[in-house]
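Working notes, beginning with the structure itself.
Chain letters run A, B, ... following the sequence lines, proteins first, then strands; residues in each count from 1.
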Amino acid sequence: MSEKLILIDGHSILNRAFYGVPDLTNAEGIHTNAMYGFLNILFKFLDEEKPDYITVAFDLSAPTFRHKVFDGYKGTRKPMQPELKQQVPLMKELLKAMNITVVEQEGYEADDILGTIAKESAAKGIDVSIVSGDRDLLQLADEHIKIRIPKTKKGVTEVEDYYPSDVFNLYGVTPHEFIDVKALMGDTSDNIPGAPGVGPKTASAIIQKYHSLDNVFEHLCELKPPKAKISITENVEQIKMSRFLSEIKIDVPIDYKVEDSKAGDFFNENSYELFKKYNFKNMLKKFENTDIIAKDPECYEYFKKISDFADVENVFNKAVDIAGGIEKIGLSIVRENELIAVGITLSDTEIYYIPVSGFVTESYLADRLSDVVSVASNRNIASANIKDYLDIFEKDKINGYPLVSEKAFIDTAIAAYLLHPSNESYDYESLGREFLSLTYPSKTELLGKLSINKAVNEAEDNLIKYACLSSYAYYKCADKITEQLKSENMYELFETIEMPLIFVLFEMQQQGISVDKQALVDYSKVLGTKISVLEKEIYEAAGEEFNINSPKQLGVILFERLGMPNGKKTKSGYSTAADVLEKLAPDYPVVSKILEYRQLAKLKSTYADGLTQYISEDGRIHGTFNQTITATGRISSTEPNLQNIPIRMEMGKAIRKVFVPKDGFVFLDADYSQIELRILAHMSGDEKLIEAYNSSADIHRATAAQVFGVPLEEVTDEQRRNAKAVNFGIIYGMSSFGLSQDLSISRKEAKEYIERYFASYPTIKTFIDGLVSDAKEKGYSLTMYNRRREIPEIKSSNFMQRSFGERVAMNAPIQGTAADIIKLAMINVYNALKEHNLRSRLILQVHDELLVETAEDEVDTVKQIMLDGMKNAVSLKVPLEVDLKEGKDWLEAH
DNA sequence: TTAATCACG
DNA sequence: ACGTACGTGATTAAC
């Protein structure tokens with residue numbers, strides 16, 4: 001077996017990776033997608049070929065000998081995108097860290113280096129594979145040199161391999177003749193002229209016949225077709241030059257010895273650091289069998305399962321001692337329906353797994369955990385997703401509220417969320433990576449698809465690792481996260497808003513909301529009947545039966561069978577979205593029916609039928625409120641989503657009616673009036689807007705009066721509507737296109753509205769410009785309470801991405817501040833209800849709205865509590881107005 | 001699993 | 001010239 005060398009065309013592969021991999025950035029905002037893609041391709045070839053040697057060649061930006069011959073060489077090439085350009089030096093650094101030879105040579109291109117090394121190595125009897133995206137390299141193919149071109153099809157990388165025979169089969173010429181083909185046909189991307197009018201077909205036909213340019217020139221008069229004959233005859237010198245430009249050098253003077261480019265030792269400490277820095281998570285696995293990572297979880301040796309009752313007692317006694325002081329413990333609860341085990345870390349060397357078994361019963365464990373929690377008041381208990389486990393610590397309660405102090409905990413997931421609200425996960429694995437620079441095995445790696453209950457029996461060792469490791473990660477991260485929150489001025493946000501909010505959300509989830517199941521079932525039937533009537537009518541109009549729920553089938557019916565004028569919109573065909581259909585509705589009655597069908601189908605599937613499955617035995621829906629999902633700081637609601645229950649459409653309102661208070665209670669529902677615009681007024685300090693809020697009840701009317709220069713009472717409905725849309729636009733990050741869509745007007749008109757608005761409110765203009773430039777400078781935006789949102793897109797060179805970043809920079813501080821304020825209000829209301837010892841409970845939040853299930857005899861008190869809690873959550877330069885209503889169902893109360 | 005659609009603020 | 005309003009989650013169809 002002869003030895004193998006892999007040669008990689010650095011720029012070509014990096015370029016290919018850049019366009020093939022969606023934009024990625026690491027925590028510092030460095031773009032990493034091209035590097036990531038490059039490495040993927042690299043590893044693929046390494047795995048496949050297991051080469052003895054490896055080398056990567058790069059171009060230098062300096063002019064090469066080809067530029068000296070032809071000034072316009074590569075002259076039409078666009079400059080490299082900055083996101084790609086910044087990755088080039090980093091990629092070289094990465095390769096060097098992996099002990100991969102990087103070659104570049106002034107005056108020459110990577111192709112020439114590759115050619116030289118390939119031929120020299122092949123001469124030494126080494127088998128060479130050249131990896132490139134560029135077909136120009138095919139001329140280098142020979143019996144010992146294979147050209148390998150990776151292609152990405154549907155996310156899967158496939159490779160086209162070229163030996164000389166493959167080149168011949170495809171192009172009918174030998175690799176060497178390929179140079180002459182290119183000389184004739186030219187190359188637009190390199191700006192090589194060739195013979196004008198001669199394309200790839202003609203060029204290869206000619207070379208197939210004559211085999212070399214010299215021979216072609218000798219037979220000029222017999223050339224066919226006539227067009228090529230003329231072109232070639234007239235451009236002999238240009239073709240010769242083109243050939244010179246096209247031929248890859250194989251004798252570049254370089255200081256390179258293949259023996260010095262041994263493949264191996266890719267995964268070392270240097271490369272590990274860089275992989276971590278660039279957040280190449282799944283590639284870190286490659287380091288697993290090296291001693292770099294093997295030594296990482298040094299905590300493993302201290303993991304200990306404890307079942308002996310006396311030992312367990314000792315651990316908890318010690319935990320109580322620690323948690324009652326100022327030191328921390330790490331806590332991980334393992335639960336699936338029932339409590340199964342806890343992982344608990346007392347120090348670097350005391351890491352325990354305590355399963356429920358024998359005398360260690362579930363209730364014993366819960367009691368002892370409560371003991372630990374009840375003595376803690378200095379954020380001694382580091383854990384994650386505390387809300388999900390608060391019920392365990394509920395041993396002592398007052399009026400139904402857990403006695404546990406919020407100051408007992410530090411929730412690492414929530415803390416990590418504040419630092420990077422756009423991350424997708426804040427589990428122990430991510431924490432380890434970010435705060436400890438350690439790569440822990442993930443939950444999936446340890447437990448796979450096993451349920452916890454199964455894992456207890458089938459993979460206990462891994463379950464022990466999981467429980468111990470996560471508690472250890474919380475323990476180790478807590479101080480670092482705290483430190484970082486403090487240095488970023490976010491600790492106050494964490495302490496005064498997010499941590500207390502956990503308890504509010506917990507209580508809301510516990511309470512749930514009562515739903516009239518029978519009403520829901522009845523309504524589902526009504527909807528079902530209406531839907532089948534519409535269905536029949538639609539089939540009749542269409543002339544055939546089809547699945548109306550399938551946008552694909554519907555598109556075919558509407559735009560092909562019924563021949564409606566179509567605007568192709570989506571990737572995979574016609575758009576049948578509501579705004580498209582609404583334009584067609586006046587001309588085609590069936591379209592209105594489809595819209596109605598869609599509306600009813602949605603109501604039935606998502607709400608009437610969808611909600612019933614969430615009704616618990618107590619007749620209530622206990623949804624989940626998530627505190628670490630949104631990029632802006634809002635909370636989100638799942639299983640079910642109680643924040644998108646219908647209200648706008650008439651048919652949908654019936655759904656709201658099924659949400660009812662329990663016997664002896666009523667709903668009190670309060671919502672902020674235009675909180676986001678008020679925040680805008682406050683943050684910008686715009687006197688006119690502030691004045692408008694201080695004097696007028698109708699801000700959109702006031703805006704219209706200001707913008708159109710008419711007295712308040714003369715504002716037309718249309719003017720008010722437009723002003724309202726512009727106000728929304730401001731909050732969303734104004735764009736003329738968006739506004740024009742919303743108002744169904746031209747972009748030009750929309751632009752005029754915006755200009756008029758900014759002319760009327762110059763301070764607002766200055767303010768939002770400031771938001772954008774601040775975000776551009778810092779890479780993130782901030783709310784009034786220092787909530788951060790990272791906006792890497794704002795530095796993109798891609799217009800669309802950058803524009804998006806700019807809109808986010810305008811919106812996030814406003815939407816985020818509103819989120820901060822209502823969170824404060826929730827805490828206020830929760831605390832007041834608790835302090836007054838009331839039976840009434842806060843049960844829902846819908847972004848600017850709070851719903852309290854109120855005992856009938858507490859209505860007056862609660863009204864006051866809600867108004868106070870919401871209006872006085874913060875003092876702005878404008879009043880915070882709250883609309884409060886009482887009702888026997890959610891529709892009536894809203 | 002992803003794309004399209006639509007419910008809410 | 002680029003092609004969009006900001007933030008979510010559930011359902012369905014179709015790969």
Would you indicate what [X] reaches in the nucleic acid, counting non-hydrogen atoms under 4.0 angstrom: base, sugar-phosphate, or nothing?
| X | answer |
| --- | --- |
| A:Ser735 | base |
| A:Gln613 | sugar-phosphate |
| A:Asp742 | base |
| A:Gln553 | sugar-phosphate |
| A:Ala578 | sugar-phosphate |
| A:Gln741 | nothing |
| A:Gln599 | sugar-phosphate |
| A:Ala725 | base |
| A:Leu739 | base |
| A:Ile731 | nothing |
| A:Ala601 | nothing |
| A:Ile814 | nothing |

Nearest whole angstrom, please: distance from the [atom2] of [N] to the [atom1] of [X].
| X | N | atom1 | atom2 | answer |
| --- | --- | --- | --- | --- |
| A:Asp579 | B:dC6 | CG | C1' | 11 Å |
| A:Lys602 | C:dG9 | NZ | P | 14 Å |
| A:Glu596 | B:dC6 | CD | C1' | 16 Å |
| A:Tyr417 | C:dT8 | OH | C1' | 11 Å |
| A:Asp848 | C:dT8 | CG | C1' | 14 Å |
| A:Ile821 | C:dG7 | CD1 | P | 19 Å |
| A:Ile548 | B:dA4 | CD1 | C1' | 16 Å |
| A:Asn626 | C:dG7 | CG | P | 17 Å |

Handout entry: Any-strand Watson-Crick or G-U partner of C:dT11, both distances under 3.5 Å
Key =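 Base-paired to B:dA4.
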Problem - Nucleotide paired to C:dA1 in any strand shown, Watson-Crick or G-U, under 3.5 Å - result: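 Check on C:dA1: unpaired, no WC or wobble geometry under 3.5 Å.
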Taking the side chain of [X] as heavy atoms from C-beta outward, which of [options] is closest to it?
| X | options | result |
| --- | --- | --- |
| A:Arg747 | C:dT12, C:dG7, C:dG3 | C:dG3 |
| A:Arg656 | C:dT4, B:dC8, C:dG7 | B:dC8 |
| A:Val808 | C:dG7, B:dA7, C:dA13 | C:dG7 |
| A:Tyr607 | C:dT11, B:dT5, B:dA7 | B:dA7 |
| A:Asn547 | C:dG9, C:dG3, C:dA13 | C:dA13 |
| A:Pro551 | C:dT11, B:dA4, B:dG9 | B:dA4 |
| A:Phe804 | C:dA5, C:dG7, B:dA7 | C:dG7 |
| A:Ala577 | C:dA5, C:dC6, B:dT5 | B:dT5 |
| A:Asn641 | C:dG9, C:dG3, B:dG9 | C:dG9 |
| A:Met800 | C:dG3, C:dG7, C:dT8 | C:dG3 |

[X]-[Y] side chain donor-acceptor pair, cut-off 3.5 Å:
| X | Y | answer |
| --- | --- | --- |
| A:Glu793 | A:Ser796 | no |
| A:Ser803 | A:Glu806 | no |
| A:Gln81 | A:Ser797 | yes |
| A:Glu881 | A:Tyr693 | no |

Please state whether the phosphate of [N], meaning OP1 or OP2, lies under 4.0 angstrom from any side-chain nitrogen or oxygen of [X].
| X | N | answer |
| --- | --- | --- |
| A:Gln627 | C:dT8 | no |
| A:Ser550 | C:dA14 | yes |
| A:Arg634 | C:dT8 | no |
| A:Thr576 | B:dT5 | yes |
| A:Lys604 | C:dT11 | no |
| A:Ser636 | C:dG9 | yes |
| A:Arg598 | B:dA7 | no |

Look at [X] together with [Y] and state whether they make a salt bridge at an N to O cut-off of under 4.0 Å.
| X | Y | value |
| --- | --- | --- |
| A:Lys765 | A:Asp769 | yes |
| A:Lys443 | A:Asp427 | no |
| A:Glu650 | A:Lys653 | yes |

Exercise for the section: For a side chain to side chain donor-acceptor pair (under 3.5 Å) with A:Asp820, tell me which candidate from A:Arg634, A:Arg787, A:Gln815 qualifies. Expected result: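 Option passing the side chain to side chain donor-acceptor pair (under 3.5 Å) with A:Asp820: A:Arg787.
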Exercise for the section: Select from A:Thr606 and A:Ser736 the residue whose nearest nucleotide in DNA chain C is closer to the 5' end of that strand. Expected result: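 Mapping each residue to its closest nucleotide by heavy atoms, the 5'-most match is A:Ser736.
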Handout entry: Check: C:dG7 base within 3.5 Å donor-acceptor of A:Arg789 side chain
Key =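 Side chain to base: no pair below 3.5 Å.
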Problem - Whole-Å P distance, B:dC6 and C:dG3 - result: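 23 Å, rounded to whole Å.
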Practice task
Might you work through the salt bridge (charged side-chain N to carboxylate O under 4.0 Å, His left out) test for A:Lys823 and A:Glu498, ending with a clear yes or no?
Solution key: CA-CA 8 Å; A:Lys823 281 176 169 178; A:Glu498 298 299 334; 2.8 Å; yes
